[in-house]
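Below you'll find the structure, written out as structure tokens, and then a few comments.
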Amino acid sequence: MKTLSRDTHPKAEEVLIGLIRKASVAKRISRMHSLTRTILRLSKRAIAKANPGLSERELNLLFVKIHYGDELANRLHTYLEHKNTYGTR
């Protein structure tokens, strides 16, 4: 098997891939969900650290802008402004 990671010994990688393959679908999904939550949390923390003066709402909009682009961030901003002005329907 060809090594996929430059910083992991091929034998260690082989063992890790074997463990992943043997895990149940539920276990793999759980691990993926945990990894996704961790990545999102770290991304939001880095954005907050780089922009200490922003409110939580502004940080969330910046997160959307960085990860999903200006168009979606602008649409979300408009939606939130409309919701804030007219209330929930």
Side-chain angles (χ1 to χ4, degrees):
M1 178 172 86
K2 184 179 178 203
T3 300
L4 301 174
S5 177
R6 290 185 237 166
D7 64 348
T8 304
H9 190 277
K11 285 288 184 191
E13 185 176 292
E14 189 177 326
V15 169
L16 289 170
I17 290 172
L19 289 172
I20 292 169
R21 286 181 177 152
K22 289 177 186 173
S24 69
V25 172
K27 186 68 170 175
R28 285 184 277 172
I29 290 172
S30 175
R31 286 181 181 162
M32 214 47 197
H33 184 246
S34 176
L35 179 60
T36 300
R37 279 194 330 258
T38 299
I39 290 168
L40 290 172
R41 189 175 61 248
L42 290 172
S43 176
K44 287 181 179 184
R45 186 186 323 167
I47 291 168
K49 187 175 181 181
N51 300 278
L54 297 182
S55 69
E56 184 175 351
R57 180 179 176 169
E58 292 168 323
L59 289 169
N60 287 332
L61 286 168
L62 183 54
F63 173 87
V64 171
K65 179 179 180 177
I66 290 168
H67 293 285
Y68 302 103
D70 289 331
E71 182 182 348
L72 186 59
N74 291 336
R75 289 174 60 196
L76 177 59
H77 177 73
T78 300
Y79 168 78
L80 292 173
E81 288 298 315
H82 184 267
K83 182 179 173 187
N84 195 30
T85 301
Y86 299 105
T88 308
R89 292 185 175 180

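Being a predicted model, the structure only gives us computed values, none of them experimental.
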Looking at every non-hydrogen atom in both residues, tell me the closest pair between [X] and [Y] and how far apart they are.
{"X": "Glu58", "Y": "Gly53", "value": "OE1-O, 4.4 Å"}
{"X": "Ser5", "Y": "Thr8", "value": "OG-OG1, 3.3 Å"}
{"X": "Leu59", "Y": "Asn51", "value": "CD2-O, 3.9 Å"}
{"X": "Phe63", "Y": "Leu40", "value": "CZ-CD2, 3.4 Å"}

Reported [atom1]-to-[atom2] distance for the pair [X] and [Y], which is rounded to 0.5 angstrom:
{"X": "Lys27", "Y": "Ile20", "atom1": "NZ", "atom2": "CD1", "result": "12.0 Å"}
{"X": "Ser30", "Y": "Leu35", "atom1": "OG", "atom2": "CG", "result": "11.0 Å"}
{"X": "Arg28", "Y": "Lys22", "atom1": "CZ", "atom2": "NZ", "result": "13.0 Å"}

- Given side-chain contact (heavy atoms from CB on, under 4.5 Å), test Val25 with Ile29 step by step and report yes or no. CA-CA 6 Å; Val25 172; Ile29 290 172; 3.7 Å; yes

Please list, one pair per line, the donor and acceptor atoms closer than 3.5 Å that link side chains of residues 66-74 to other protein atoms, with sequence neighbours excluded.
residue	atom	partner	partner atom	Å
His67	NE2	Ser43	OG	2.7
Asn74	ND2	Asp70	O	3.2

- Item | Shared hydrophobic cluster for Tyr79 and Leu61 (ILVMFWY, side-chain gaps under 4.5 Å) | yes

- Query: Does the Asn60 side chain pair with the main chain of Glu56, one donor and one acceptor, at a distance under 3.5 Å?
  - Reply: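 Present.
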
- Message: According to salt bridge (Lys or Arg N to Asp or Glu O under 4.0 Å), who are the partners of Glu81, at least two apart in sequence or on a separate chain?
- Response: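 Result, salt bridge (Lys or Arg N to Asp or Glu O under 4.0 Å) vs Glu81: Arg57.
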
- Between Leu42 and Thr38, is any pair of side-chain heavy atoms under 4.5 Å apart? yes

